[in-house]
Q: 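The structure that follows is given in the form of structure tokens.
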2 protein chains.
Amino acid sequence: MASIKDVAAQAGVSVATVSRVLNSHPSVSAEARTRVLAAVDALGYRPNAVARSLRTAQTRTLGLVISDVLNPYFTELARFVEEEARALGYSVIIGNADERPELQDHHIRTLIDRRIDGLLVSPADGGSPLMREVSLSGTPMVFVDRWIPGIDVPVVRADGTGAVKDLVAHLHELGHRRLAIIAGPAATTTGNERVEAFREALRELGLALPDAYIGQGDFQAASGRRATEGFLALPEPPEVVFAADNLMALGALDAIRARGLRVPDDIALAAFDDIPWFVHTDPPITTVAQPTAELARAAVRALADLIEGRTPQSVTLPARLVVRRSCGQDATDQRSTR
Amino acid sequence: MASIKDVAAQAGVSVATVSRVLNSHPSVSAEARTRVLAAVDALGYRPNAVARSLRTAQTRTLGLVISDVLNPYFTELARFVEEEARALGYSVIIGNADERPELQDHHIRTLIDRRIDGLLVSPADGGSPLMREVSLSGTPMVFVDRWIPGIDVPVVRADGTGAVKDLVAHLHELGHRRLAIIAGPAATTTGNERVEAFREALRELGLALPDAYIGQGDFQAASGRRATEGFLALPEPPEVVFAADNLMALGALDAIRARGLRVPDDIALAAFDDIPWFVHTDPPITTVAQPTAELARAAVRALADLIEGRTPQSVTLPARLVVRRSCGQDATDQRSTR
DNA sequence: CTGAAAGCGCTTACAG
DNA sequence: CTGAAAGCGCTTACAG
């Protein structure tokens with residue numbers, strides 16, 4: 001592969017001049033510029049990003065550590081993150097933690113070793129010592145979706161409180177009184193917040209959330225299945241199951257089917273996170289939808305601000321309720337809402 | 001961030017010795033090793049991967065260019081690719097082409113500029129000049145899933161011929177005679193092969209595949225919707241629609257629902273690519289499943305072989321039919337197959 | 001076993 | 001406007 005030296009030789013100038021042309025430095029004669037550009041073209045020269053990074057101490061690369069790529073919510077988030085980063089001139093390297101703290105740390109390590117300019121993370125757990133260390137070390141860092149109390153970095157996330165309240169009101173209107181939730185890991189903020197929003201919304205309607213109606217999940221399908229099996233084995237099973245993410249909802253559906261029950265006739269189901277497939281499940285699933293694209297964009301912008309020395313903003317965007325048919329519907333409202 | 005110089009100073013040795021310890025070079029005294037390790041620990045030193053890459057001319061990084069991350073098939077592929085790569089000591093950087101050739105080229109460029117050790121690609125189109133150039137330039141490269149005739153690199157893919165034949169036999173048994181397909185882009189190998197396998201299977205049963213029953217899609221949901229609308233508007237609509245990937249099947253479902261028709265009573269539906277949600281759609285969808293994990297592993301191994309100077313192997317793995325309920329079922333076979 | 005030195009491919013103050 | 005030189009943080013032949 002041709003190096004800057006080859007280009008300099010071919011153009012009959014110094015490597016300094018080649019570098020100036022490549023970086024559009026103003027003080028280069030038109031003639032030198034032409035000769036360099038011709039040489040670049042002739043040799044098919046491409047600057048070595050590794051060398052450039054070593055010299056400039058910046059990689060124009062962002063690290064994105066997400067808890068589970070297979071979760072469509074995070075896949076979508078990752079896609080929009082890359083899109084916005086590209087628009088701002090950054091590449092992004094994704095690290096998938098598979099909801100495993102040690103894998104998360106592995107990726108953070110690797111990313112830091114590669115000297116990424118900044119880190120976007122949706123922590124898989126309550127936060128490892130490494131994550132705290134990284135934030136303290138001055139590496140620009142932003143939390144997206146999930147965050148860790150006590151680590152002082154900008155947070156870009158959705159607030160589901162209002163939407164969960166709307167959901168509970170919707171369920172109440174449909175006559176449901178025994179509502180259960182499959183929670184995410186207690187160590188994650190989203191795991192907690194969704195349960196608390198749910199509990200609070202129930203309380204306002206004078207409904208209780210007994211412990212037996214709180215299933216402990218880990219945002220993965222299998223845990224949704226297990227939790228739902230637990231609910232169904234109860235002497236008085238709930239009338240509604242609310243899964244705190246889309247994968248646990250998938251598991252819940254599995255469990256309900258396996259029991260030979262039907263949604264919403266035998267039991268209602270709602271989920272957090274809207275995904276394209278929810279329109280086509282049997283029945284279409286009522287969900288709390290997050291503004292994924294906007295979250296991704298705001299997170300990237302906050303990180304770029306931090307990297308480039310501007311003041312970053314924490315952002316909280318509201319989630320919203322999308323009513324479909326999985327919780328039942330009353331006779332007066334036969335239209336299905338997309 | 002501490003550099004190798006700091007470690008050397010702290011340990012009272014030269015940077016050469018530090019480097020040797022870090023790379024477990026045999027000829028280092030036990031005492032020097034201890035001192036270096038202690039210094040590394042004290043300083044929290046991590047080698048700068050950028051500098052190391054510049055010096056060694058290798059990045060221990062693989063590039064993976066996929067045509068669409070939002071397609072669950074590719075998401076899963078990417079996940080397993082990263083897993084296997086990690087096991088072999090490589091990181092992977094994913095480039096998402098969104099089925100757009102120019103975006104694909106952008107990612108290939110960026111990846112090459114970063115001097116990745118090898119490139120895994122599932123081409124979004126018939127292959128750009130750039131892709132050919134890269135393969136010729138000696139950059140280790142392997143095609144996965146899709147490939148480009150005339151570019152001589154190892155190919156790791158699934159062969160759907162047998163499974164498509166099984167599918168067509170299944171459809172024929174259920175009494176279906178008018179079968180349509182939503183094809184992928186003609187420029188992609190998977191786009192072509194699936195149509196050809198389908199056509200051939202029909203031919204063997206004495207059935208024709210009229211042009212009107214071949215919808216042109218692009219592996220995205222919207223195209224599946226359009227193609228299906230076209231089929232349904234035909235004077236004699238097909239009895240079965242076979243979508244050549246899972247996203248077009250999603251679009252087909254959209255179109256069928258919008259028309260107020262039901263699957264499989266009014267029209268049957270089958271798809272290529274199995275994904276977890278197909279179990280929970282209404283009805284569960286009959287598909288041709290690819291051995292995604294095995295494909296990913298074989299592709300990474302082939303690429304590592306190429307990079308490390310061994311002889312890589314092209315691999316073709318069979319896909320298999322998974323029968324569910326979206327094509328109807330006869331009275332004697334009431335069990336639903338997972 | 002160890003260190004001084006060269007060099008990977010760039011960028012950038014410095015001097016002219 | 002231009003070039004020689006230093007230096008980013010490593011690794012590794014070479015000499016001892």
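To find a chain, count down the sequence lines: A is the first, B the second, and so on, and within it residues start at 1.
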Q: From NE2 of A:His25 over to P of C:dT11, roughly how many Å is that when rounded to an integer?
A: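 The distance from NE2 of A:His25 to P of C:dT11 comes to 12 Å, rounded to the nearest Å.
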Q: Toss me the dot-bracket line for DNA chain D: Watson-Crick and G-U wobble, both under 3.5 Å, 5' to 3', using | for pairs to another strand and [ ] for crossers.
A: |||.||||||||.|||
Q: Report the distance from atom CG of B:Asn48 to atom C1' of C:dG9, rounded to the nearest whole Å.
A: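 After rounding, the gap between these two atoms is 14 Å.
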Q: Rounded to the Å, how far apart are A:Gln58 CD and D:dG9 P?
A: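 Result: 15 Å.
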Q: Got a sec, which residues hit salt bridge (Lys or Arg N to Asp or Glu O under 4.0 Å) with A:Asp113, two or more places apart in sequence or on another chain?
A: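 Checked A:Asp113 against salt bridge (Lys or Arg N to Asp or Glu O under 4.0 Å); matches are B:Arg46.
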Q: Calculate the interatomic distance between B:Arg115 atom CZ and C:dC10 atom P; express it in whole Å.
A: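 Those two atoms, CZ and P, are 7 Å apart.
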Q: Could you list the protein-to-nucleotides 12-16 of chain D atom pairs, N/O on both sides, closer than 3.5 Å?
A:
from	atom 1	to	atom 2	distance (Å)
D:dT12	O4'	B:Arg55	NH2	3.3
D:dA13	N6	B:Arg20	NH2	3.1

Q: Dump the intermediate steps for side chain to side chain contact (heavy atoms under 4.5 Å, CB included) on B:Val134 and B:Ile108, then the final yes or no.
A: CA-CA 9 Å; B:Val134 168; B:Ile108 293 180; 3.9 Å; yes
Q: Below the 4.0 Å mark, does C:dC1 have OP1 or OP2 next to a side-chain nitrogen or oxygen of B:Ser29?
A: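 Indeed not, no polar side-chain atom of B:Ser29 lies that close.
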Q: Quick check on D:dC10: is either OP1 or OP2 less than 4.0 Å from any side-chain nitrogen or oxygen of B:Lys5?
A: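 It does not, given that no N or O in the side chain of B:Lys5 lies less than 4.0 Å from OP1 or OP2 of D:dC10.
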Q: On a whole-Å scale, what distance lies between the C1' atoms belonging to C:dT12 and C:dG16?
A: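 One C1' to the other, the span is 16 Å.
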Q: Among the nucleotides C:dT11, D:dT2, C:dT2, which one has an atom lying closest to any side-chain atom of A:Arg52?
A: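 Given the options C:dT11, D:dT2, C:dT2, the side chain of A:Arg52 is closest to C:dT11.
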Q: Looking at every non-hydrogen atom in both residues, tell me the closest pair between A:Asp68 and A:Phe74 and how far apart they are.
A: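 Here A:Asp68 and A:Phe74 meet closest at O-CB, 3.4 Å.
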Q: Measure across A:Val69 and B:Thr75 and return the closest heavy-atom pair with its distance rounded to 0.1 Å.
A: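 For A:Val69 and B:Thr75, the tightest heavy-atom pair comes out as O-CG2, 3.4 Å.
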Q: In terms of side-chain heavy atoms of A:Ser14, which of D:dC10, D:dG3, C:dC10 is nearest?
A: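 Within the option list, the nearest is D:dG3.
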Q: Side-chain donor-acceptor pair under 3.5 Å between A:Arg114 and B:Thr59, yes or no?
A: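 Per modelled atom types, A:Arg114 and B:Thr59 side chains form no pair under 3.5 Å.
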Q: A:Asp6 CG to C:dG9 P: how many Å, rounded?
A: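 Atom-to-atom, A:Asp6 to C:dG9, this comes out as 8 Å.
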Q: Any chance you could lay out the side chain to side chain contact (heavy atoms under 4.5 Å, CB included) test for B:Val156 and B:Trp147, step after step, and finish with the verdict?
A: CA-CA 9 Å; B:Val156 173; B:Trp147 50 287; over 6 Å; no
Q: Check whether any side-chain N or O of A:Ser53 sits under 3.5 Å from a backbone N or O of A:Gln58 as a donor-acceptor pair, and report yes or no.
A: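 Yes; at least one donor-acceptor contact below 3.5 Å.
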Q: Rounded off to whole Å, could you give me the CG-to-P distance for the B:Leu22 and D:dT11 pair?
A: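 Distance check: B:Leu22 CG to D:dT11 P gives 7 Å.
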Q: Going by atom types alone, do B:Asp305 and B:Gln313 pair a side-chain donor with an acceptor below 3.5 Å?
A: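 No.
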Q: Does a donor on one side chain and an acceptor on the other come within less than 3.5 Å for B:Asn96 and A:Glu82?
A: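 There is no such pair (donor and acceptor under 3.5 Å, judged by atom type) between the side chains of B:Asn96 and A:Glu82.
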Q: In whole Å, what is the span from the CD atom of A:Glu31 to the C1' atom of D:dT2?
A: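 One finds 12 Å between C1' of D:dT2 and CD of A:Glu31, rounded.
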Q: Starting from P on D:dG7, measure out to CG on B:Leu54 and report it in whole angstrom.
A: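 Value for this atom pair: 17 Å.
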